[in-house]
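Each remark here refers to the structure printed beneath this line.
Just so it is clear: chains get the letters A, B, ... in the order the sequence lines come, proteins before strands, and each one is counted from 1. Here the structure is a predicted model, which means the values were calculated and not measured.
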Amino acid sequence: MVVPMETEEMEQVTDGFALFTDRSVVAMRVNGELKDLATTVTETDTVEPVTIDSPDGLNILRHSTAHVLAQAVQAVNPEAKLGIGPPVTDGFYYDFDVETPFTPEDLKALDKEMSRIVRAGQRFIRRVVTDDEARAELAAEPYKLELIGLKGGAAEGGAVPGDAGESVEVGAGELTIYDNVDPKSGETVWKDLCRGPHLPNTRMIGNGWALMRVAAAYWRGSEKNPQLQRIYGTAWPTKDELRAYQHRLEEAAKRDHRKLGAELDLFSFPDEIGSGLAVFHPKGGIVRAEIENYLRDQLVSHDYELVNSPHITKGSLFETSGHLQWYKEGMFPAMHLDEEIDGEGNVTKQGQDYYLKPMNCPFHNLIFRARGRSYRELPLRLAEFGTVYRYEKSGTLSGLTRVRGLTQDDAHIYVTDEQVKDELKRQLEFVFETLRGYGLDDFYLELSTKDPDKYVGSDEQWEVATETLREVGMESGLDLVPDPGGAAFYGPKISVQARDAIGRTWQLSTVQLDFNQPERFELEYTASDGTKKQPIMIHRALLGSIERFFAILLEHYAGAFPLWLAPVQVIGIPVADEYAPYLGAIVAQLKGSGVRAQIDGSDDRMQKKIRNATTSKIPVQLIAGETDRAAETVSFRFRDGTQENGVPVAEAIERIRAAIADHRMVATQGDL
RNA sequence: GCCGGCUUGGCGCAAUUGGUAGCGCACCGCUCUUGUAAAGCGGUGGUUGCGGGUUCGAGUCCCGCAGCCGGCUCCA
């Protein structure tokens, strides 16, 4: 929301240039709508300034920069056809249909041309046109012509249906073209179909922008359409802000889990195994085990039952669940087993199709169904770390966050109608509590509702379920963001989004209602009045997949895990070989009490050992030499280089154990 | 799956216009080791992702494949 800096009393017709002399004002809101400063207003209008550093102002800056990019592209290559060029988070893009894709050299040339256009100070002039005029002027721009056609269908005051940025070009109501006018000659040097608003002139773009990368993108976001070449850029009010943004990107790159995974020897993706299939090395394996152990403890202490199921199954199970109908292309192909063929090639015994499981829920349904169930057992909470396999498209695979083999911490909770709401509330609380234990504590919620093109069940079921989720979400006190059409086909879901240490958000836990599977599996329980009733099923994944959660924690902590998660928690560094036995005894005591402690027995000198321990992000270095041995003490050195000397051995061990138990971050003196 | 880029010893990088594949770290060996981020010397290791082709000669050029990266589409 833009807070009015000043609301002018107007006596007559004027415009934004006259109203706002502050140069940081780049546009204005007239009666709530964004307009160019050149728009004329009267005394009955409510006018608010839009500064360049406000969210609206940044969007305008970025959109105007996108126009300059498009102009530069057509200056370099007049054959390029224009797609769309909206602002996006931190920047903008513009799509082009060109004969040959852009190269890095092309970007350099475009960068130069853009600088020239910015310096020229071309004015953005808005001009209302009729559909026919627009068609005539843009006859050489087939994609723009398509957008003009779409405009007719646009809802009142809203965006183009299925909007993927097109609304930047054509809004509802009148159609407008922006002319780029050279201030010296008064000539129109370029023009583009655009809803606006824009900066008053290109000079205001300044030098806080950069072209980032090229990529292909389907026209209007559909695989069925041709691919256009997309250029991404970023734009900021000042060069300093651009540099700060670039610095943020570098910082994020430093904590990339793929990089840290190799550096810290946590996991790898051997080509020999196949794309999207990871192996965890010893150091990654122990972190993973700690992640799971903590969650398992939480499950047991919160009334879950631990179950287990196999990795493959006959296809009929996934026919019952519906997965083979809905997601077959995302499953590994069937293994056709047990077929027998005689000498003539005739099938003498019918075979069976087995599939790697892409989901755990059907198995849990079978466990529910394994015997008669009483209402007294509900809510029944079945949980499993279930490894599933999904045939993700090759281009979508990415590190540990998008893989083909993953372990879900998957729980299915069977409840009566009356229990749904309380159970959902309980689930959310459980999720928050558990995530905090991992060191994540900044959350918001997202409510994913029905995709009108892909759902089963009655509208009423969906409405009731969605409303219940909404109420529970609202009662949590967290922000609840709508995600229309984001639900799976079988029911709405509420998901917990967590912000990490550098402000990025990740979708973590999901709590999803399902009224489809209980029906398909004919699940039932005996109610208190002796009648058979169908339970409602809640899918609850807390971490999502262990692999992805591992990646998120690794990036959140930039590899510097809290003590309980660190692969090596304590390393003993003797000042000289002579003190190795003394330290070794202490390390042995630590190991005996369950601490992952080692002694550095290499023939490196002490300083090198300290360096090695520090670069591998071990939280606690235990150092001992003559002084410590004589006093029966040890010295702590922490990740940041701070130290605490002469700590009595028994106290040191106890302090380490306590910090592990408390899931404490130990990074500096005073943390332990 | 689609578009583009990339691929040199475990890791990070070098190799003038095609002309005998190098460096640092890691690893191994020897000598050294006394208080908080790199001791010294020596050594092993690559048919330059794989398969074809052009050439007297290919890490350098061309084609195909694989893997990875950035996007798009998808994500139960």
Give me the distance, rounded to whole Å, that separates B:rA66 from B:rG51 when you measure between the P atoms they each carry.
15 Å

Rounding to an integer number of angstrom, what distance separates B:rU44 and B:rG9 when you compare their C1' atoms?
11 Å

Taking only side-chain nitrogens and oxygens of A:Ser275, does any of them come within less than 4.0 Å of OP1 or OP2 of B:rC68?
yes

Can you find a side chain N or O atom of A:Arg258 that sits less than 4.0 Å from OP1 or OP2 on B:rC69?
yes

Say we look at B:rU47 and B:rG59: how far apart would their C1' atoms be, to the nearest angstrom?
12 Å

Does A:Asp500 have any salt bridge (Lys or Arg N to Asp or Glu O under 4.0 Å) partners at least two apart in sequence or in another chain, and if so, which?
A:Arg504

Residues in side chain to side chain contact (heavy atoms under 4.5 Å, CB included) with A:Glu392, at least two apart?
A:Arg390, A:Thr396, A:Leu397, A:Arg402, A:Arg404

Using the P atom as the point on both nucleotides, what is the distance between B:rA14 and B:rC61, in whole Å?
15 Å

Would you call A:Phe318 and A:Pro358 a side-chain contact if the rule is heavy atoms closer than 4.5 Å?
yes

In this structure, how many angstroms lie between the C1' atom of B:rC68 and the CD1 atom of A:Ile273, rounded?
15 Å

Any donor-acceptor pair under 3.5 Å from A:Glu555 side chain to A:His257 backbone
yes

At less than 4.0 Å, is any side-chain N or O atom of A:Lys454 found next to OP1 or OP2 of B:rC75? Yes or no.
yes

Quick one: which residue pairs count as a salt bridge (Lys or Arg N to Asp or Glu O under 4.0 Å) with a foot in residues 262-282 of chain A, not counting sequence neighbours?
A:Lys259-A:Glu263

Tell me the interatomic distance from A:Phe269, atom CZ, to B:rC68, atom P, rounded to whole angstroms.
8 Å

Interatomic distance where CE belongs to A:Met359 and C1' belongs to B:rC75 [whole Å]:
12 Å

In sequence, state the C-alpha distance, the side-chain angles, and the governing distance for A:Phe368 and A:Phe521, and then conclude on ring pair (Phe, Tyr, Trp, His ring centres under 6.0 Å).
CA-CA 10 Å; A:Phe368 182 94; A:Phe521 279 86; over 10 Å; no

Nearest-angstrom distance, C1' atom, B:rU48 to B:rC6
14 Å

What pattern of brackets, bars and dots sums up RNA chain B from 5' to 3', given Watson-Crick or G-U wobble pairs under 3.5 Å, [ ] for crossing pairs and | for another strand?
(((((((..((((.....[..)))).(((((.......))))).....(((((..]....))))))))))))....

Per the atom types in the model, does the base of B:rC69 pair as donor or acceptor with the side chain of A:Arg213 at under 3.5 Å?
no

Side chain A:Glu547, main chain A:Thr407, donor-acceptor under 3.5 Å:
yes

Separation between the P atoms of B:rC62 and B:rU55, rounded to whole Å
16 Å

With a 4.0 Å heavy-atom cut-off, tell me which residues in residues 322-331 of chain A come close to RNA chain B, sorted by residue number.
A:His323, A:Tyr327, A:Gly330

Checking all strands, does A:Phe489 fall into the base, sugar-phosphate, or nothing category for heavy-atom contacts under 4.0 angstrom?
nothing

Would you call the rings of A:Trp462 and A:Phe515 parallel, tilted or perpendicular, where under 30° means parallel and over 60° means perpendicular?
perpendicular

Rounding to an integer number of Å, can you tell me how far A:Gln512 CD sits from B:rA76 P?
8 Å

Using the purine O4'-C1'-N9-C4 or pyrimidine O4'-C1'-N1-C2 torsion, is B:rU8 syn (within 90° of 0) or anti?
anti

Checking salt bridge (charged side-chain N to carboxylate O under 4.0 Å, His left out) for the pair A:Glu251/A:Arg248: CA distance, chi angles, key distance, verdict?
CA-CA 5 Å; A:Glu251 287 304 305; A:Arg248 285 203 297 282; over 6 Å; no

With sequence neighbours left out, which residue pairs that include part of residues 620-649 of chain A fulfil the salt bridge (Lys or Arg N to Asp or Glu O under 4.0 Å) condition?
A:Glu578-A:Arg629, A:Glu626-A:Arg629, A:Glu644-A:Arg655

Under 4.5 Å between any side-chain heavy atoms of A:Ile656 and A:Gln569, yes or no?
no

Below 4.0 angstrom, N of the basic side chain to O of the carboxylate: do A:Asp459 and A:Lys450 qualify?
yes

Taking distance alone, no hydrogens or angles, what donor-acceptor pairs closer than 3.5 Å link side-chain atoms of residues 323-335 of chain A to residues at least two apart or in another chain?
residue, atom, partner, partner atom, Å
A:His323, ND1, A:Ser321, OG, 2.6
A:Gln325, NE2, A:Glu319, O, 3.4

Would you mind building the protein contact string for nucleotides 27-38 of chain B? One character per nucleotide, 5' to 3', B for base within reach (heavy atoms under 4.0 Å), S for sugar-phosphate only, - for untouched.
----BBBBBBBB

For B:rC25 and B:rG45, measure between their C1' atoms and round to the nearest Å.
14 Å

For A:Ala262 and A:Gly486, find the nucleotide of RNA chain B closest to each by heavy atoms; which residue's nucleotide sits nearer the 5' end?
A:Ala262

With A:Asp256, which residues qualify under salt bridge (Lys or Arg N to Asp or Glu O under 4.0 Å), at least two apart?
A:Arg258

Rounded to whole Å, the CZ-C1' distance (A:Arg220 to B:rU73) equals 15 Å

Taking salt bridge (Lys or Arg N to Asp or Glu O under 4.0 Å) as the cut-off, I'd like each qualifying pair that reaches into residues 88-98 of chain A, sequence neighbours left out, listed once.
A:Asp95-A:Arg230

Nearest-angstrom distance, P atom, B:rG70 to B:rU36
42 Å

Could you check how far CG of A:Asn225 sits from C1' of B:rC74, rounded to whole Å?
16 Å

Could you identify which residues of residues 310-321 of chain A place a heavy atom less than 4.0 Å from some atom of RNA chain B, listed by residue number, or say none?
none

Whether A:Tyr389 and A:His311 hold their rings parallel, tilted or perpendicular, with breakpoints at 30° and 60°
tilted

When the distance from CG of A:Leu356 to C1' of B:rA76 is rounded to whole Å, what number comes out?
16 Å

Can the ring centres of A:Tyr94 and A:Phe92 be said to be less than 6.0 Å apart?
no

Classify A:Ala488 by what it touches in the nucleic acid, base, sugar-phosphate, or nothing, heavy-atom distance under 4.0 Å.
sugar-phosphate

Answer yes if the side chains of A:Trp219 and A:Glu146 hold a donor-acceptor pair under 3.5 Å, and no otherwise.
yes

Rounded off to whole Å, could you give me the CG-to-P distance for the A:Leu264 and B:rG12 pair?
14 Å

Contact pattern, 5' to 3', of nucleotides 1-6 of chain B - B, S or - by protein heavy atom under 4.0 Å
BBBS--

